[in-house]
There are 2 protein chains.
Amino acid sequence: MTLPRQHSERHAEKLVRREKIESKNFKNIIRDMGMKVTDQRLLILEALTAGRAHVTAQEVFEVVVEKDASIGFATVYRFLRKLTESGFVNEVRMGGLAARYEMSSQVHHDHLTCTHCGKICEFENHDIEKLQESVAKQFGYQLTGHVLELYGLCRDCQKKST
Amino acid sequence: MTLPRQHSERHAEKLVRREKIESKNFKNIIRDMGMKVTDQRLLILEALTAGRAHVTAQEVFEVVVEKDASIGFATVYRFLRKLTESGFVNEVRMGGLAARYEMSSQVHHDHLTCTHCGKICEFENHDIEKLQESVAKQFGYQLTGHVLELYGLCRDCQKKST
DNA sequence: ATTGATATTGATAATTATTCTCAATTAGTA
DNA sequence: TACTAATTGAGAATAATTATCAATATCAAT
């Protein structure tokens, strides 16, 4: 299947422009962290943004090594840690499994999961967040993050189980 | 400091009685799991109940090895896993740190964990629980459970990292 | 552009927590 | 008491992550 030439050219142009913009943003992210901009770091950020969310360090490494066969996984681990510490990336850990990473979205949310069908609703509740802060303060902790997962039966599954 | 003889005798009696009762309960827990009762397993349960909550496998091992120098840490790990799978024990994991274990209590509580040293505080906040209920209701869910883990820097680690 | 101080890199060793293996021992039962 | 299957301890194996260090690349100042 071929597209009309004009269309395809415009498409290519757009891609190039977008790549430049992203690259610029990536560079700014790295500079914001007070670090030097390197090809390896740009590739890692690209992999995190382009691929699916919740990837392991190994998965990031496998994507990046395609474009730069000489990269070492220590570099990936190192940079992921820095990104996590700076808050640009979220680290999610489950059991004893490898940590998974995702670009932190600006929009914070928690999850409400149906224990029967697995449907997930995202929600955000400012009052809960404030109470969490106050609990942490009460114990002398400086809050840096939280995991709140609610489990229940969704409307559909409540009907079915009756 | 010495106590009046009578008192001290009664005290000793109580201790013995309690030990027997606990030992019986421990045996029942093990039998409920369909496993054989061994001295090692009784000692592990004793350590989990007597010591402070939220201990690592290594910490359990260190307590138990005092009473039975020949025990291997594989035995501790193995049994802790079984206890966790059977729900008699709760496993709490934070970051890449060692898992921590506690006897599952009837009293519900959430955790506030230090991301630096792994120290865990338990808390209970009725307001948060009520808000969770209302979020669930809002989405038409019938709430059955939740996980709330707060992460932060404890007072000590805040000082150290300055 | 060249240089130089310093950060970064890749390879590999080290570490940490946990699990696996297996021969010897032990608990529960017949 | 003897048998059978579960359990044990020691140490090897694994898996994820971090530390080490000499070689290289970045960036700021010239």
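In the text below, chain A, chain B and the rest are named by the order of the sequence lines, each starting its count at 1. Below, all heavy atoms of this structure are taken into account, side chains as well, without hydrogens, waters or symmetry copies.
Nearest heavy-atom pair, Q158(B) versus L153(B), reported as atom, atom and distance to 0.1 Å: NE2-O, 2.9 Å. Scanning all heavy atoms of the two residues, the minimum distance from K82(B) to M33(B) falls at O-SD, 4.0 Å.
Look at R81(B) and E91(B) and you find no salt bridge, because none of the NZ, NE, NH1 or NH2 atoms lies under 4.0 Å from a carboxylate O. Classification of R100(A) and E59(A) as a salt-bridged pair holds, one side-chain N sitting under 4.0 Å from a carboxylate O.
If you take CD1 of I44(A) and P of dG10(C), they are 8 Å apart, rounded to a whole angstrom. The CE-C1' distance, from M35(B) to dA5(D), rounds to 13 Å in whole Å. Between the CZ atom of R31(A) and the C1' atom of dT26(D) there is a distance of 11 Å, given to the nearest Å. Whole-Å rounding puts the L42(A) CG to dA25(D) P distance at 16 Å. When the P atom of dC27(D) is taken as reference, atom CD1 of I30(A) falls 9 Å away, rounded to whole Å. Taking atom CZ of residue F61(B) and atom P of nucleotide dT16(C), one finds them 16 Å apart after rounding to whole Å. dA25(D) atom C1' lies 16 Å from atom CZ of F79(A), rounded to whole Å. Put simply, CD on E59(A) is 11 Å from P on dA16(D), counting in whole angstrom units.
DNA chain D is contacted by both A74(B) and Q40(B); Q40(B) maps to the nucleotide lying nearer its 5′ end (nearest heavy atom per residue).
Side-chain proximity of R41(A) to the nucleotides dT18(D), dG9(D), dT8(C) is greatest for dT8(C). In the set dT18(C), dT12(C), dG9(D), dT12(C) carries the atom at the smallest distance from any side-chain atom of F73(A).
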* Decide side chain to side chain donor-acceptor pair (under 3.5 Å) for D110(A) and H146(A); before the verdict, give the C-alpha distance in whole Å, the side-chain angles of both, and the deciding distance to 0.1 Å. => CA-CA 9 Å; D110(A) 296 306; H146(A) 72 264; 3.1 Å; yes
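For dT17(D), one of the phosphate oxygens OP1 or OP2 lies less than 4.0 angstrom from a side-chain nitrogen or oxygen of Y77(A). Look at T38(A) and you won't find any side-chain N or O under 4.0 angstrom from OP1 or OP2 of dA7(C). Contact annotation: R81(B) side-chain N/O to dC20(C) OP1/OP2 distance is under 4.0 Å.
Within 3.5 Å, a donor on the side chain of R78(B) pairs with an acceptor on the base of dG9(D), or the reverse. With hydrogens and angles ignored, a donor-acceptor pair closer than 3.5 Å exists between the side chain of K36(A) and the base of dT6(C).
Base pairing of dT16(C) is made with dA15(D), judged by Watson-Crick or G-U wobble geometry with both donor-acceptor distances under 3.5 Å.
Within 4.0 Å of L97(B), counting heavy atoms only, lies no atom of the nucleic acid at all. Within the nucleic acid shown, S70(A) comes within 4.0 Å of sugar-phosphate atoms alone, with no base atom in reach, counting heavy atoms only.
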